[in-house]
Amino acid sequence: MTRRGLLPHLPDRRVVRVRWGDKPLRFPIPGELLEREISGQRIETIDRRAKYLLLRMSNKAVLVIHLGMTGRLGLFPAASPRERHDHLRLLLDNDLELRLNDSRRFGSVEVWPGKHAREMEDDFSSSRGLEPLERGFTGEALAHLATGRRQPVKNFLMDSRRVAGIGNIYANEILFAARIHPATPVNLLDPEQWEQIAGATPEILRAAIRAGGSTISDFLGSSGKPGYFQLQLSVYDRAGDPCPHCRSPIEKTALGGRATWFCPSCQGMKPQG
DNA sequence: CGGCGCACCTGAGTGC
DNA sequence: TGCACTCAGGTGCGCC
């Protein structure tokens, strides 16, 4: 979504100056690399892998940005006042500034130098999971990834090494749509249930993207809100509310230290086999 | 190795 | 009004 908002603005722009703050995000901001590899370069394209944005520069360097939980990217007139928690500013050759604001600093900024970008990206990408919006995201593939495991299916969906880009909100929504109890151990899921998950996942994510649908005007001067702000959620944060399907009260529990919601009636666990 | 618990961080919300 | 406390979520580390 952020990528879609930035796409009309960044490619073919040159970065004329980079400024960054002292406070580390997940990692310290690599100022020296930003100066050496990013400053002065033209932005060629923007890609996404898992929840990481990849800004590909004309010198083959890649600026890798993760928004964490509270991170937002926005385009602002260069002269506009900085805000609290602005950590990175890329001044472009049209007097707009791309700013990364992240109050909780769970995000990250990384630079893959042009000379090593290819191998660093290969390493990076090979340690990430299946992309839900790409071909190959099938029930069969998911079942294969879960082979030999017995963790709760919700934890599995949120494990970024297996499946990319599914956070707590969407894991809850996907399992509701697939009518599967979030605590079900993955080794107990049958092929049909994996297909349900494989089908529901892109639907939920696309709905979120559509709901968030950042337009050009949304993006200028402010930064977009995450899709779920406008997405109709069925179970997430809805403890006690009636299930949209059967009106049973939604229940809340915890899995892997994360709040978990489900409909006890629609998402009954399969009997142990 | 698999799986779990937890830390990281700030702001919003709640209760007294 | 103000303070203390809890909780939220993405990711990776450390421990069993």
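Residue numbers start from 1 in every chain, and the chains themselves are labelled A, B, ... in the order their sequence lines are given, proteins ahead of strands. All values derive from a computational prediction rather than experimental measurement.
- One interatomic measurement links the two molecules: NE2 of A/H85 to C1' of B/dA12, which rounds to 13 Å at whole-angstrom precision.
- In this structure, the CG atom of A/D237 is 8 Å from the P atom of C/dA8, given to the nearest Å.
- Looking at heavy-atom distances under 4.0 Å, A/K154 makes no contact with the nucleic acid at all.
- Not counting sequence neighbours, A/H85 has no partner by the ring-ring contact (aromatic ring centres under 6.0 Å, His included) test.
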Does the protein touch nucleotides 10-16 of chain C at the base, only the backbone, or not at all? Give it as B, S and - per nucleotide, heavy atoms under 4.0 Å.
BBS----
Distances under 3.5 Å between nitrogen or oxygen atoms of protein and nucleotides 1-3 of chain B:
| residue | atom | partner | partner atom | Å |
| --- | --- | --- | --- | --- |
| B/dG3 | OP1 | A/R150 | N | 2.5 |
| B/dG3 | OP1 | A/Q151 | N | 3.4 |

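- Between B/dC8 and A/R105, no contact under 4.0 Å exists linking OP1 or OP2 to a side-chain N or O.
- The ring-ring contact (aromatic ring centres under 6.0 Å, His included) test applied to A/Y52 returns A/H66, A/F124, not counting sequence neighbours.
- Spacing between atom CG of A/D86 and atom C1' of B/dT10 amounts to 15 Å, rounded to whole angstrom units.
- With sequence neighbours left out, the ring-ring contact (aromatic ring centres under 6.0 Å, His included) criterion links A/H245 to A/F176.
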Between side-chain atoms of residues 155-165 of chain A and protein atoms elsewhere (two or more places apart, or another chain), which donor-acceptor pairs fall under 3.5 Å?
| residue | atom | partner | partner atom | Å |
| --- | --- | --- | --- | --- |
| A/D159 | OD1 | A/R161 | N | 3.0 |
| A/D159 | OD1 | A/R161 | NE | 3.1 |
| A/D159 | OD2 | A/R161 | NH2 | 3.0 |

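- Atom pair A/R238:CZ and C/dA8:P shows a separation of 16 Å (rounding to whole Å applied).
- Listed by first and then second residue, the salt bridge (Lys or Arg N to Asp or Glu O under 4.0 Å) pairs that reach into residues 59-70 of chain A are A/E44-A/K60, sequence neighbours excluded.
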Expected list for residues 33-41 of chain A: side-chain donor-acceptor pairs under 3.5 angstrom, two or more places apart:
| residue | atom | partner | partner atom | Å |
| --- | --- | --- | --- | --- |
| A/E37 | OE1 | A/G114 | N | 3.0 |
| A/Q41 | OE1 | A/S58 | OG | 3.1 |
| A/Q41 | OE1 | A/N59 | N | 3.4 |

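- With salt bridges taken as basic N to acidic carboxylate O contacts below 4.0 Å, none links A/R72 and A/D102.
- Legend: side chain to side chain donor-acceptor pair (under 3.5 Å) pairs involving residues 129-140 of chain A, not counting sequence neighbours, sorted by first then second residue: A/R48-A/E131, A/R49-A/E131.
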Can you give me every donor-acceptor pair (side chain of residues 197-205 of chain A, partner residue at least two apart or in another chain, under 3.5 Å) with its distance?
| residue | atom | partner | partner atom | Å |
| --- | --- | --- | --- | --- |
| A/T201 | OG1 | A/I197 | O | 2.7 |

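- A donor-acceptor contact under 3.5 angstrom links the side chains of A/T260 and A/K154, judged on distance only.
- Where the helix from B/dG2-C/dC16 to B/dC16-C/dG2 starts and where it ends, the local axes point in directions that differ by 50°; five pairs per end, rounded to 10°.
- Identified under the side chain to side chain donor-acceptor pair (under 3.5 Å) test for residues 111-123 of chain A, with sequence neighbours left out: A/R56-A/E121, A/E110-A/W112.
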